[in-house]
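Here's the structure, in structure tokens; my notes come after.
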Amino acid sequence: MLTSKQRADLRSEANTLETTLMVGKGGVTESVISEAATQLESRELVKGRVLESAMMSAREVCDALCEALNADGVQCVGSKFVIYKKSQKKAQEAAQKARAMQKKASNPVRRGAQERRKKAREEREKRNEYFRQAAIQAAIDRRKNSK
């Protein structure tokens with residue numbers, strides 16, 4: 001279920017879309033449903049039109065398609081309608097693109113600071129290990145001398 005804000009954003013996106021789905025006198029048939037499913041998977045947002053020869057209104061067609069495809073109706077105006085369904089394929093592509101952009105856009109200043117901190121930590125650990133070993137050796141020497 002879409003919120004009103006999401007629906008408004010989708011309506012604004014749909015303004016520039018071309019009408020790609022036509023429903024004729026046959027109404028909502030299996031071929032129309034399969035074509036709508038294909039388009040929804042590749043685009044997420046589909047704009048359709050009900051021809052005058054169809055015996056259904058745009059609202060009826062939109063509701064029938066939404067029910068058959070488990071999609072959300074965005075808008076019905078006149079003989080045109082817009083439906084939306086989140087696409088797994090698009091979500092995966094967007095996630096891959098975001099990861100690629102994140103790798104590309106790493107901040108060089110931050111990277112340099114991280115490298116300096118890492119070197120400083122390694123030097124501290126080396127120094128601490130040296131003093132730890134020196135303290136152990138001093139304790140061993142004291143024991144030997146006291147016997």
Side-chain angles (χ1 to χ4, degrees), residues 1-140:
M1 193 70 185
L2 297 171
T3 64
S4 61
K5 180 74 173 171
Q6 290 169 329
R7 190 171 283 112
D9 289 341
L10 291 171
R11 271 197 313 264
S12 68
E13 276 185 49
N15 280 336
T16 59
L17 284 181
E18 292 292 322
T19 304
T20 56
L21 188 65
M22 301 287 185
V23 179
K25 66 180 177 181
V28 181
T29 60
E30 286 298 319
S31 62
V32 171
I33 292 172
S34 66
E35 180 61 27
T38 304
Q39 288 186 19
L40 282 171
E41 184 60 32
S42 64
R43 300 184 189 159
E44 290 186 344
L45 195 62
V46 175
K47 191 177 203 178
R49 181 170 169 233
V50 179
L51 300 177
E52 291 178 18
S53 61
M55 296 300 164
M56 300 174 80
S57 69
R59 172 67 64 189
E60 292 169 339
V61 170
C62 182
D63 291 342
L65 283 173
C66 289
E67 188 175 318
L69 298 170
N70 198 19
D72 291 310
V74 176
Q75 153 180 12
C76 289
V77 176
S79 64
K80 295 190 179 185
F81 61 91
V82 179
I83 55 177
Y84 169 80
K85 183 177 181 184
K86 184 133 180 92
S87 170
Q88 297 299 324
K89 181 180 165 185
K90 287 277 257 191
Q92 289 173 352
E93 288 173 359
Q96 284 179 342
K97 191 175 181 180
R99 281 194 296 270
M101 290 300 289
Q102 188 177 18
K103 284 181 182 179
K104 258 189 211 176
S106 65
N107 187 344
V109 173
R110 181 175 181 177
R111 195 174 337 120
Q114 288 172 340
E115 289 174 5
R116 286 190 298 276
R117 275 191 235 116
K118 184 177 177 182
K119 281 185 181 178
R121 186 179 339 108
E122 289 171 355
E123 288 178 21
R124 256 192 329 273
E125 288 172 357
K126 281 182 185 177
R127 188 174 51 239
N128 289 343
E129 184 60 29
Y130 170 79
F131 284 119
R132 200 174 300 121
Q133 292 298 325
I136 291 170
Q137 190 61 43
I140 292 171

- Neighbour count above 12 (heavy atom, 6.0 Å) for Q6 CD: yes
- Message: Is the shortest side-chain heavy-atom distance between L45 and V74 below 4.5 Å?
- Response: yes
- Message: So which atom in M55 and which in E60 form the shortest heavy-atom distance, rounded to 0.1 Å?
- Response: O-OE1, 4.4 Å
- Task: Check whether any side-chain heavy atom of V61 lies under 4.5 Å from a side-chain heavy atom of V32, and answer yes or no.
- Result: no
- Item | Y84 versus A71, closest heavy-atom pair with distance | O-CB, 3.4 Å
- Query: For the atom pair CD (Q88) and NZ (K90), what is the distance rounded to the nearest 0.5 Å?
  - Reply: 13.0 Å
- Query: With sequence neighbours left out, which residue pairs that include part of residues 7-27 fulfil the side-chain hydrogen bond (donor to acceptor under 3.5 Å, both in side chains) condition?
  - Reply: T20-Q39, T20-R43
- E44 (side chain) donor-acceptor with S87 (main chain) under 3.5 angstrom: yes
- Note on the structure: d(Q96 CD, R99 CZ) to nearest 0.5 Å is 6.0 Å
- Side-chain contact test, heavy atoms from C-beta onward, threshold under 4.5 Å: evaluate it for V50 versus S57 and give yes or no. no
- Query: How long is the span from the CG atom in L10 to the CD1 atom in I83, to the nearest 0.5 Å?
  - Reply: 12.0 Å
- Could you pull out the closest heavy-atom pair between S31 and S34, with the gap in Å? O-OG, 3.0 Å
- Atom pair CG/CD of N128 and E123 - distance to nearest 0.5 Å: 11.5 Å
- Message: Can you tell me if E30 has over 12 outside heavy atoms packed within less than 6.0 Å of its CD?
- Response: no
- Message: Is there a side chain to side chain contact (heavy atoms under 4.5 Å, CB included) between M56 and V28? Walk through the geometry before answering.
- Response: CA-CA 9 Å; M56 300 174 80; V28 181; 4.1 Å; yes
- Task: Please say whether more than 12 non-hydrogen atoms of neighbouring residues, nucleotides or ligands are located less than 6.0 Å from CD in E129.
- Result: yes
- Smallest separation among heavy atoms of C76 and C62, with atom names: SG-CB, 3.6 Å
- Are E122 and K119 close enough for a salt bridge, meaning some N to O gap below 4.0 Å? no
- Which atom of S53 lies closest to which atom of G24, heavy atoms considered: OG-C, 4.3 Å
- Message: Show, in sequence, the C-alpha distance, side-chain angles and deciding distance for L21 and L65, and conclude whether the side chain to side chain contact (heavy atoms under 4.5 Å, CB included) test is met.
- Response: CA-CA 11 Å; L21 188 65; L65 283 173; 3.9 Å; yes
